[in-house]
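Sequence lines set the chain letters: A, B, ... in the order given, protein chains first and strands last, and positions in each chain run from 1. Just so it is clear, the structure is predicted and the values come from calculations on it, not from any experiment.
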Amino acid sequence: MAVNKKYMPDEIEGKWQRRWDERGIYKTPELPRNKKYILDMYPYPSGASMHVGHLEGYVGTDIVSRYFRMKGYSVLHPMGWDSFGLPAENYAIKTGVHPEDSTRENIKTFKRQLNSVGLSYDWDREVNSSDPNYYKWNQWLFILLFKRGLAYKAEADVNWCTSCETVLANEQVVEGKCERCEAQVIQKKLDQWFLKITEYADRLIAGLDSLDWLNEVKVQQKNWIGKKGGINISYDVVGCDKKIDVFTTAPVNFGMTFLVVSPEYNLVQKILEGDVQVPKNRLLEVKGYVEDYFIKRRSVKAIDDKTKTGVFTGLYATNPVNNQEVPVWVSDFVLMEVGTGAVQGCPGHDYNDFEFAIKYKLPIVRVIVGPDGDLSPIKRREQVIERGMEGRFVNSEFLNGLGFEEGLQKTMDYFEEKGWGKRVTSYHIRDWLISRQRYWGTPIPMVYCEACAKEGRSWFTTEEGQTLHDRDKNVQGGMAGWYPVDEADLPVLLPKDIDFRPTGQSPITRSESFQEGVVCPHCGGKARREVDTMDGYVDSSWYFIRFADSQNDEEFASQKAIGDWLPVDIYVGGGHVVQHLLFARFFWKVLFDLGLVDKSLGDEPFLKLRAPGWILGPDSRKMSKRWGNVVTPDDIVPKYGADTLRMYEMFMGPFEAMKPWSMTGVEGMSRFLNRIWRLFEETGDEDKQVESDKRVLVLINKLVEKVGKDIEDFSFNTAISGMMEAYNELVELRRSGAKVNWVEVWRNFLLVMAPFAPHMTEELWQTLEGEKKSKVKGLESNVFSSIHQEKWPEFDPSLVQDETVEIPVQVNGRLRGTVTLDSDTAKNEEKVTEEAKKQEGVAKYIEGQQIKKVIFVPGRLINFVV
RNA sequence: GCCGAAGUGGUGGAAUUGGUAGACACGCGGGACUCAAAAUCCCGUGAGCCUUUAAAGCUCGUAACGGUUCGAGUCCGUUCUUCGGCACCA
């Protein structure tokens, strides 16, 4: 079996990659049985090439995919490109290179790099989100949502760079300034398309329970959705017929001493307009404050200064529980978009209210007493007791003595009975703003007709002017004038005659071809297309469905293909933990509700989720051009080979942990592969008929069991250390003259190592099998049987336990010796006790003492208590 | 500030339901081979103490302190540090 050659990865890796490709051994099975859909989050093909950090997840899923193929599963393991997005457009602005061209080049580089490490993707299913064949279905989905009333257009704040005159994504705003030109970023109101994800908020929470996801991620999603139960309370303003509606989760109303409204609150407008009378000096102060607010608000997005400011309006409102009149203030710490835009100040029991009360010397009333029994007036922050903390009601009449939570519920019951308020549920999650005033994205396939808009017509209205769709009522603005593009006319192509330099409008506005011959689908009059494009998150919210049927021209994916492959069994990727996963789950649920996803598939798309940890540079800093610490596969593969890269990267540490790259670590792994290669070479001439010692059989069976289990647990590092241990033991056994059937050993060893080091194991496998088949000339022959099409070895459960075990002997819990026994005896308490007492080190400690108790864990440990 | 995760040798890390802490590797030290080097192989490697020709033995040790237990890296409480997320959310 001698290879007669040094391990030269560069000589074997390319060769096998080509042969695997020719034979199509990673093609997805046509008729899946026992399917596993194993998916990586598809990458953005950036101009900076891929680095080893990207690879961690890809190698992990590759190992898992190869393992499940060997276990007899039909595996779908595809890859594609999230290729729409800002970097390509910014690059175009800077250099004039069209995004389409730079994207194509970047994809080429990424694909070459992925292939260089031997990843087993089925490239026949590749998707590319900037390809019209892909974004056609993106547009189709948008229309689907629109027709269901799940897409609407409304006015919203956007980040606006005053110098570039363009909209910026949140990530592009750094400390209130434009990332590119450092000019001031302001908030600007623009008409924007939204998707109604809030309608699914409850189901997005409920679905999480059944998923095999990191708890951390579930918690983050729940926090993002931010569901809270509370009550809306309506307060009468003294001296006029106005009311102030407040939302609160903690109506400790006997401790309520003021109300605060947002500067954008309706009542403030009424004051300024003179509709509600307030003293002159109050009016002036409110006016000044509100004007200042609008200027400030339009300036910086990130207001680091959280010092609270506010002014008294001169108005009072009545607290119904005790008929006390409390002052009404205006403050920008109350956000219009949260709750009702007005809050009740209960400064003893809310940190924000407390801070405000201290600053403006408003009264603070204690109505909750904590476990410390402190009943003194609340003067310090530490004394504040918020909802969720332990406490009982005091100074609250009929509530006194009740627990905090119980008292709040009783208060809400009481308010509802009296008609002063109504329980409501509030959410932190907002509808998903998908409009981008940018070029490099999917055009939103909508047409606007001015004439129809004037008549109040839209896709949702009938000839008689009636609402066609009941959901129209939910849609803000009524969508007058808006019609989806006819599905037969999709895709709406992204125009190419574009000057994408920023001017303050969507770049597509300046395309001459884009609006040519656009007519209103309803009245046939001249109309115009929407010029905004979609957020890239829309593309990535359903690409995993397209992979099931990526070449389909008739549908976004056939029902059969979806039923065959989805949901995704294992989903791996870092970052994007909150947004992408929420959006994708939302899309899936919508499709599920519409029957486009069969009910039997369930309403969750990703059953198991794992996130690879960051790989840091050798200097333990985040890999970045700036630090010059970026390691790419191109730095490693030519010198050490793909297998070393894969093995090292998986050996570094736990899959999900953050870990620094180490070049000496890479060399260490390279040495290990060389040792394997050499041992294989050296054991070639051993007698093949020999029957292995039981120790050898146990070693192999344990290895097969361990590696399989570890792969399923994503514990690749321990799988590899298991292989190293097995190697070390084999060397030791060989040295000690044990009988080893090396063919049998290698067959198992190579098979369990194959998912990790596919090239090297293939080379050795062909040598091994070639010998068996008396030289079929594996390399030249077209009929070779790849190790990657072999079955995963079975292990014999009776052979995974060592013949002898070492039992630690403790006295009073301290280790005083060990006894080595065969594994059966080690389970027998009497015998173990007998042996243990004979131990010199043990006898010393129990001599002359009375043994009070013996703790015996069969096969594990014995402990004498004296 | 709030929510979440994590702290183990010089380094990356291992350790079923609580049951021999430091597997495996890197680094380092020593040795073999060599004219020499590289490569390779072998031995040692948590800290301290004692005794010694040697073998062995003892004590401490998993961020800090306390608790539960025959026994704690693992469970409970408090504190500190680091990382991730959200952030004037009422």
For a quick check of understanding: with a heavy-atom distance under 4.0 Å over all strands, which category does A/Val854 fall into, base, sugar-phosphate or nothing? nothing
Sub-6.0 Å ring centroid separation between A/Trp432 and A/Tyr537: no
Integer-rounded Å distance: B/G85 P and A/Ile225 CD1: 18 Å
If you look at every strand shown and take non-hydrogen atoms under 4.0 Å, does A/Asn728 touch a base, only sugar-phosphate, or nothing? sugar-phosphate
Judged by nearest nucleotide, the residue sitting upstream toward the 5' end of RNA chain B, A/Lys709 or A/Ile807, is A/Lys709
State the dot-bracket string of RNA chain B. Criteria: Watson-Crick or G-U wobble, both atom distances under 3.5 angstrom; notation: ( ) intrastrand, [ ] crossing earlier pairs, | interstrand, . unpaired. (((((((..(((......[....)))((((((.......))))))((((.......))))..(((((..]....))))))))))))....
Quick check for you: to the nearest 0.5 Å, what is the distance between A/Ser331 atom OG and A/Asn352 atom CG? 9.5 Å
Let me have the donor-acceptor pairs involving side chains of residues 853-866 of chain A, under 3.5 Å, with sequence neighbours excluded, atom names and distances please.
unit_1, atom_1, unit_2, atom_2, d
A/Asn863, OD1, A/Asn812, N, 3.4
A/Asn863, OD1, A/Gly813, N, 3.0

When you check the gap from the basic side-chain N to the acidic O, do A/Arg381 and A/Glu355 get nearer than 4.0 Å? no
Test side-chain contact (heavy atoms from CB on, under 4.5 Å) on A/Ile676 and A/Phe672 and set out the steps. CA-CA 6 Å; A/Ile676 296 272; A/Phe672 175 64; 3.7 Å; yes
A/Lys622, NZ: over 12 other non-hydrogen atoms inside 6.0 angstrom: no
Which of A/Thr411, A/Thr248, A/Asn319 passes side-chain hydrogen bond (donor to acceptor under 3.5 Å, both in side chains) with A/Asn253? It is A/Asn319
Please work out whether B/G9 sits syn or anti, treating a glycosidic angle within 90° of 0 as syn. syn
Reading nucleotides 69-79 of chain B from the 5' end, what letters show protein touch, with B for base, S for backbone sugar-phosphate only, - for no heavy atom under 4.0 Å? -BS--------
Using the 3.5 Å cut-off, write out each protein N or O paired with an N or O of nucleotides 6-13 of chain B and the distance between them.
unit_1, atom_1, unit_2, atom_2, d
B/G12, O2', A/Met652, O, 2.6

Protein N or O to nucleotides 54-57 of chain B N or O, pairs below 3.5 Å:
none

Quickly work out the A/Glu705 CD to B/U16 C1' distance and round it to whole Å. 11 Å
Could I get the full list of ring pair (Phe, Tyr, Trp, His ring centres under 6.0 Å) partners for A/Phe651, not counting sequence neighbours? none
Answer with yes or no whether the side chains of A/Tyr648 and A/Glu667 bring together a donor and an acceptor at under 3.5 Å. no
In terms of side-chain heavy atoms of A/Thr718, which of B/G85, B/G19, B/A15 is nearest? B/A15
Checking all strands, does A/Ile720 fall into the base, sugar-phosphate, or nothing category for heavy-atom contacts under 4.0 angstrom? nothing
Counting the atoms with a prime plus P, OP1 and OP2 as sugar-phosphate, which does A/Lys852 contact under 4.0 Å by heavy atoms, base, sugar-phosphate, or nothing? nothing
Specify the separation, in whole Å, of atom NZ of A/Lys222 and atom C1' of B/G85. 16 Å
Output the distance between atom CD1 (A/Ile244) and atom OG1 (A/Thr313), rounded to the nearest 0.5 Å. 7.0 Å
Report all side-chain donor-acceptor pairs from residues 219-233 of chain A shorter than 3.5 Å, counting only partners two or more places apart or in another chain.
unit_1, atom_1, unit_2, atom_2, d
A/Gln221, OE1, A/Arg585, NH1, 2.7
A/Gln221, NE2, A/Val577, O, 3.2
A/Lys227, NZ, A/Asp202, OD1, 2.6

By nearest atom, which of the nucleotides B/U20, B/A5, B/A14 is closest to the A/Glu216 side chain? B/A5
Spacing of A/Glu337 atom CD relative to B/A87 atom P, expressed in whole Å: 11 Å
Return the polar atom pairs (N/O with N/O) between nucleotides 40-51 of chain B and the protein under 3.5 Å, or none.
unit_1, atom_1, unit_2, atom_2, d
B/U40, O3', A/Arg678, NH1, 3.2
B/C42, OP1, A/Arg735, NH2, 3.2

Gap separating the CG atom of A/Leu821 from the OG1 atom of A/Thr818, nearest 0.5 angstrom: 9.5 Å
For residues 243-268 of chain A, which residue pairs qualify under ring pair (Phe, Tyr, Trp, His ring centres under 6.0 Å), counting only residues two or more places apart or in two chains? A/Phe258-A/Phe356
Going through the distances and angles, do A/Ile364 and A/Gln383 end up as a side-chain contact (heavy atoms from CB on, under 4.5 Å)? CA-CA 11 Å; A/Ile364 300 171; A/Gln383 293 174 286; over 6 Å; no
Check side-chain contact (heavy atoms from CB on, under 4.5 Å) between A/Pro612 and all other residues, then give those that pass, not counting sequence neighbours. A/Glu56, A/Val572, A/Phe655
Tell me what A/Glu355 touches on the nucleic acid: a base, only sugar-phosphate, or nothing, going by heavy atoms under 4.0 Å. nothing
For a quick check of understanding: with a heavy-atom distance under 4.0 Å over all strands, which category does A/Gly226 fall into, base, sugar-phosphate or nothing? nothing
Measure the distance from CG on A/Leu861 to C1' on B/A15 and round it to the nearest whole Å. 15 Å
The nucleotide from B/G4, B/U16, B/A90 with an atom nearest the side chain of A/Lys228 is B/A90
Criterion side-chain contact (heavy atoms from CB on, under 4.5 Å) on A/Leu204 and A/Ile197, from CA distance to verdict: CA-CA 9 Å; A/Leu204 287 168; A/Ile197 191 171; 3.8 Å; yes
Report the residues that fulfil salt bridge (Lys or Arg N to Asp or Glu O under 4.0 Å) with A/Lys706, sequence neighbours left out, ordered by chain and then residue number. A/Asp710
Applying side-chain contact (heavy atoms from CB on, under 4.5 Å), run through A/Ile851 and A/Lys837 and close with a yes or a no. CA-CA 11 Å; A/Ile851 295 175; A/Lys837 283 182 177 167; 3.6 Å; yes
In this structure, how many angstroms lie between the P atom of B/G85 and the NE2 atom of A/His428, rounded? 15 Å
Could you tell me the separation between the CD atom of A/Glu806 and the P atom of B/U20, rounded to a whole number of Å? 11 Å
To the nearest Å, how far apart are A/Phe247 CZ and B/C89 P? 13 Å
About how many Å separate CG of A/Asn674 and NZ of A/Lys6, when rounded to the nearest 0.5 Å? 6.0 Å
Pull out every residue in residues 343-354 of chain A that has a heavy atom closer than 4.0 Å to any atom of RNA chain B, ordered by number, or say none. A/Val343, A/Asn352
Crowding at CD, A/Glu405 (>12 non-hydrogen neighbours, <6.0 Å): yes
